[in-house]
Structures are given as C-alpha cells and as structure tokens.
Protein chains: 2
Amino acid sequence: MKSPKDGVQSVSRALILLQELARSDDGLRVSDLARTTGLAVSTAHRLLTTLEQHGFAQFEPETTLWHVGREAYAVGSAFGRRRNFVAPALPFLKRLRDVTRETANLGILDGNQLVTISQVESREIMRAISNPGGQVPVFCSGMGKAIVATWTDEDIKALAERAGLPPMTSKSLRSMDEVFVDIHRTRERGYALDDEEHVTGLRCVAAEVWSPQGEAVCAISVSGLAARLTDARLDSIGQQIRKAANELTQQLGGTPQNHSR
Amino acid sequence: MKSPKDGVQSVSRALILLQELARSDDGLRVSDLARTTGLAVSTAHRLLTTLEQHGFAQFEPETTLWHVGREAYAVGSAFGRRRNFVAPALPFLKRLRDVTRETANLGILDGNQLVTISQVESREIMRAISNPGGQVPVFCSGMGKAIVATWTDEDIKALAERAGLPPMTSKSLRSMDEVFVDIHRTRERGYALDDEEHVTGLRCVAAEVWSPQGEAVCAISVSGLAARLTDARLDSIGQQIRKAANELTQQLGGTPQNHSR
DNA sequence: CTCGTGTTTTCCACATTGTGAAAAACCTTT
DNA sequence: AAAGGTTTTTCACAATGTGGAAAACACGAG
C-alpha cells in the first residue's frame with residue numbers, strides 16, 4: 001500500500017486541498033473538503049489551518065467557509081512574472097518553422113530594446129541571423145513594432161524619443177512620421193513587418209501575444225532572407241503568425257485584443 | 001520542543017519553500033533553498049519533488065533550477081477571481097495609466113495589510129516597484145488610507161492599535177494624531193495620498209471603490225516616483241482617480257458614498 | 001428553554017510517515 | 001584522472017502526522 005514515490009503524504013494532501021479550494025468560487029466547508037478529497041475531517045482541518053497560518057488559505061468565521069488565500073495569489077503571480085511563456089510558445093514556434101521553413105522567434109521588450117528570447121531555426125542553408133539574447137532597436141524589429149502597435153500613440157512617441165530611431169539600414173524608419181505610418185499599417189494588417197529595416201536582405205513578419213492582464217507581453221515572428229520571404233508569401237505567413245499568436249495568447253490565459261485603437 | 005500549535009511541519013516547510021521560490025525571479029537551486037530555509041538538503045529536495053508532482057513547483061533539468069509552477073498560478077488566480085472586481089477594474093486602470101503615464105494599482109485590505117491585487121505598469125523606465133501580491137502596512141499605503149478613511153474613527157483607532165504604525169520611512173505616520181490629521185485631509189480632498197511614507201522617493205494617490213453593500217471593498221491608485229508625481233500634478237491626478245473610482249463603483253452596482261463622516 | 005442534528009474543533013495513543021546523515025550518482029573543471 | 005561541486009537515493013530511527021472519538025459550538029424546532 002505504501003508507494004515510496006508519491007512524495008510527502010501530508011504535503012500532497014495539503015496541495016490537493018488547495019486545488020479543491022481553487023475549484024470553487026464561493027468557498028467550501030471543512031466537511032465538504034474532507035468528503036471530496038477522501039480525508040478524515042480532522043486531518044483536513046489540521047492541514048487547512050496549516051495552510052491558513054501561511055496565508056495560503058483563508059477562513060471566514062461568520063460563514064465557516066474556506067477560500068484560497070492571498071499568499072497563494074502572491075506566489076502564483078510569481079509564475080506569471082517569470083518569462084514562462086517561452087516553454088508553451090515552443091510548439092507554436094516549431095509549427096511556424098515547419099510550415100514556413102524559415103526561422104521562428106520569440107521576443108520581449110526590455111527597456112528600449114527588443115530582445116530575442118527563444119528561436120527555432122530554419123533548416124535552410126542561410127539561417128542563424130540574430131542569435132537568442134540579441135538586442136535590436138524596437139523600431140527596427142518586427143516583433144518590437146507588433147508589441148508597440150498595441151500602445152497609445154503618446155506612449156509610442158515617448159518611447160521613440162527615448163530610444164531614438166537608429167538607422168540600421170537604408171530602409172530603417174527615420175522619422176516619427178514614418179513610424180506612425182508603419183504602425184497604422186501594422187494595426188490594419190493585424191501583423192507587423194520588418195522589411196530589411198534591421199539587416200539588409202532580411203525580412204521579418206511578427207504578431208504580438210497578450211497576457212491575462214490584457215497587455216502585449218511578447219511577440220512571435222518568422223524571419224528569413226528577403227529573397228525567400230517574397231511579397232507573394234508575405235500575407236499568407238502574416239495570417240499564420242497572427243493565428244499562432246492568438247492561439248498562444250489563449251493558452252496563456254489571455255484574450256487576443258483588437259489591434260485597432 | 002514540540003509546539004503543538006504550529007500546524008503540520010512538513011506542510012509548513014513546503015509552503016515556506018514555495019514562498020522562497022516566489023521571491024526569486026530566475027530560479028533557485030536545491031542547495032540554496034536548503035540553506036536559506038535552514039532545511040537539510042535531502043528534506044528540501046523531497047519536499048520540492050512533492051510540490052513538483054502537483055505542478056506547484058517546476059524543475060529545469062538543464063539548469064538545475066527550481067521555479068514556481070503553473071498550478072500555483074492556477075490556484076492563486078482563484079483568489080483574484082473571487083474578488084470579482086479585478087476584471088472590471090482593468091479598463092479603468094489602463095486608462096489611468098495612459099493619462100498619467102504612471103503605474104496604476106488595485107488593492108484590497110486583507111487583515112492588517114493592504115495587498116496589491118492587480119497592476120498596470122507604466123511604460124517609463126523606472127516602473128515596477130511593488131509587485132502584485134505584495135503587502136504593505138495599511139497606514140503607509142495610499143490605498144489603505146483611502147479605504148480606512150471611510151470607516152468610523154473608532155474602527156480606525158482599533159485597526160491602528162492592532163496593526164501598529166511601523167515606520168517604513170522617515171515620513172511614515174508615527175502617532176495616532178498624525179493618522180487622524182491625515183485621514184481628515186483625505187476625507188476633505190476626496191482622495192488619499194502616500195507621500196514617501198512607504199518607500200522613500202515614491203508617491204501614490206488613491207481613492208476607494210464601493211460595493212453595492214455600501215462598503216469600501218478595494219481601492220485604486222496611481223504610483224510613481226516623487227520626482228515625476230510633482231505637487232503640481234497631484235491634485236489633477238487625484239481628481240482623475242476619484243472620478244475613475246466612482247465610475248468603477250457604479251459599474252459594480254454600488255453608489256459612491258460621501259467621504260465625510 | 002431544552003433537546004437534536006448539523007457542524008467545527010480539540011485530544012490522544014499508536015505506528016505510519018517524514019526525517020537527515022551519509023553514501024551514491026552525476027556533472028563540470030582542472 | 002582526480003577533485004570539487006552539485007543533485008539524488010538510501011535507510012534506521014523516532015518524531016511526526018494520523019484518524020477515531022469526544023468535546024465544543026451553532027442553529028432550529030418543538
């Protein structure tokens with residue numbers, strides 16, 4: 001009967017209680033919890049009070065109902081804080097790589113730069129262009145523009161002023177006007193485009209991913225040689241990225257917002 | 001040595017490990033955790049694997065680091081769900097963030113502490129100050145004071161005695177007299193102010209939100225560097241928060257009461 | 001007011017369960 | 001190949017968690 005590999009019994013039970021609590025919206029009584037988890041009432045009670053002492057559970061004396069506590073919230077939100085979208089994003093990146101045969105990327109905004117967090121490489125000959133961890137000026141990056149396009153115009157302006165518009169190539173956006181034209185097109189299209197604005201010969205199509213808070217947290221993109229990412233393919237790829245970004249958003253517990261503002 | 005009333009030892013320890021994990025943004029090793037919590041390495045390891053089996057902790061083999069797991073997030077968000085004003089509040093927070101360009105927060109009173117439930121970050125460079133789930137002594141917090149100002153003087157006194165007046169900074173309220181002076185000003189103004197009373201260099205403007213039962217259930221606030229939240233801007237921002245809080249109240253089916261009592 | 005039935009909470013003897021020292025299995029690094 | 005640093009596993013022991021039963025509440029009905 002004793003299974004050596006189930007971990008610590010009492011801890012397991014306490015966690016199961018927590019999950020049970022989370023399942024219910026308006027609280028549970030000790031005896032209910034004991035029944036649904038198959039524990040003795042006294043045991044359930046003991047575990048619950050332990051959880052309560054640490055703030056993971058909350059007891060309402062007037063109604064004698066148990067709820068999930070603030071500390072559970074605090075600890076849980078640490079999970080959200082962490083860049084934990086990289087793992088769930090991987091399958092999506094892989095699929096994008098497979099259908100487009102180009103490199104797929106995941107990036108976040110860090111300060112004034114866009115940094116590539118994760119990347120699934122194309123299998124073509126010319127592939128690794130920007131390596132993971134690499135930083136790119138926001139407005140020279142498809143992913144950067146995808147994220148920024150969800151912001152208000154004032155915020156975008158402020159960021160552009162802070163970050164500047166370094167001319168990486170001859171096609172880089174050079175003026176505030178050009179930026180806003182591009183952002184508008186991005187919002188209309190539903191995906192962002194970097195047409196050799198960062199590196200000559202390199203194109204990139206990107207869409208943003210939303211957090212449960214309703215903010216654009218990161219973006220995914222497909223990048224490859226302009227010679228291969230032809231105008232003809234561009235929109236089809238754009239749609240696919242948009243779709244993948246929405247699905248990833250959903251999986252992260254967010255809802256895709258509308259791009260237009 | 002055996003203290004009968006500290007609950008179940010192993011569960012306590014597991015929870016402490018979780019909190020420790022939450023504290024760190026980029027993961028911890030077993031041995032670090034063991035040291036900081038004072039547990040034997042093997043014990044820590046056993047507890048962690050138990051947490052992992054239930055998804056509350058996450059282990060990255062390649063880097064041998066432990067993180068908070070998805071299940072902790074799932075359970076924690078049940079806490080937010082119960083406080084069902086967090087979703088409707090989001091648009092208001094976003095708007096506040098957009099017009100003030102500072103961080104907007106939503107907080108509730110939990111026991112003697114004010115806990116930040118939700119937050120929409122400013123896009124300026126210096127932003128994340130307190131993370132969601134964080135706790136602050138009531139009287140060092142704009143949101144805390146906004147809520148408390150709706151109470152009777154006796155209730156306030158009782159709370160202050162229970163919770164104490166921890167001097168977080170040199171500007172923190174230190175005496176019952178100072179508390180009541182501040183509360184009076186808050187009631188007159190219609191919004192509460194935290195002028196570097198929690199963290200030096202940080203200001204915060206807040207107003208309370210009413211439930212249909214006619215109780216102040218939560219508060220919203222805007223916080224930012226004192227250097228940016230200048231005296232000149234303060235009143236204008238205060239008015240805007242007051243307005244947003246009233247609108248949110250309305251949307252929740254409550255009616256904004258009058259602050260004076 | 002008293003009894004009855006539903007709770008939650010406390011107690012306690014017992015052995016199941018969790019414990020930590022130490023050893024084993026892994027890694028990198030030199 | 002050896003030396004430090006890890007993470008895992010093992011194991012003998014007793015401290016720790018267990019659940020039945022009893023006590024303390026809380027409410028409604030008679």
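So you know, we letter chains A, B, ... as the sequences are listed, proteins then strands, and number each from 1. Any value given below was found using the heavy atoms of this structure, including those in side chains, with hydrogens, waters and symmetry copies removed.
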Val68(B) versus Val75(A), closest heavy-atom pair with distance: CG1-O, 3.6 Å
Determine the minimum heavy-atom distance between Leu47(A) and Ser10(A), stating which atoms define it.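 Smallest heavy-atom distance, with atoms named: CD2-O, 3.9 Å.
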Using only atom types and a distance under 3.5 Å, with no angle test, would you say the side chain of Ser141(B) pairs donor to acceptor with the backbone of Pro137(B)?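 No: the side chain of Ser141(B) does not pair with the backbone of Pro137(B).
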Using the [atom1] atoms only, state how far [M] lies from [N], rounded to an integer number of Å.
{"N": "dC14(C)", "M": "dC13(D)", "atom1": "P", "result": "22 Å"}
{"N": "dA12(D)", "M": "dT16(D)", "atom1": "C1'", "result": "16 Å"}
{"N": "dT16(C)", "M": "dC12(C)", "atom1": "P", "result": "22 Å"}

Measure [atom1]/[X] against [atom2]/[N] and give the value in whole Å, please.
{"X": "Phe59(B)", "N": "dT6(D)", "atom1": "CZ", "atom2": "P", "result": "14 Å"}
{"X": "Asp32(B)", "N": "dG5(D)", "atom1": "CG", "atom2": "P", "result": "14 Å"}
{"X": "Glu52(A)", "N": "dT9(C)", "atom1": "CD", "atom2": "P", "result": "9 Å"}
{"X": "Arg13(B)", "N": "dG18(C)", "atom1": "CZ", "atom2": "P", "result": "12 Å"}
{"X": "Gln9(A)", "N": "dG18(C)", "atom1": "CD", "atom2": "P", "result": "5 Å"}

Looking at dG17(D), dT8(C), dT7(D), which one has an atom nearest to any side-chain atom of Val30(B)?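 Within the option list, the nearest is dT7(D).
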Between the side-chain atoms of Ser42(B) and the base atoms of dA21(C), is any donor-acceptor pair under 3.5 Å? yes
Base dG19(D) to side chain Arg46(A), donor-acceptor N/O within 3.5 Å cut-off: yes
If you assign Leu39(B) and Arg29(A) each to the DNA chain C nucleotide with the nearest heavy atom, which residue ends up on the more 5' nucleotide?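 Result: Arg29(A).
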Which is it for Asp153(B) and Arg187(B) under the salt bridge (charged side-chain N to carboxylate O under 4.0 Å, His left out) test, yes or no, and what are the steps along the way? CA-CA 12 Å; Asp153(B) 287 356; Arg187(B) 289 174 178 162; 3.3 Å; yes
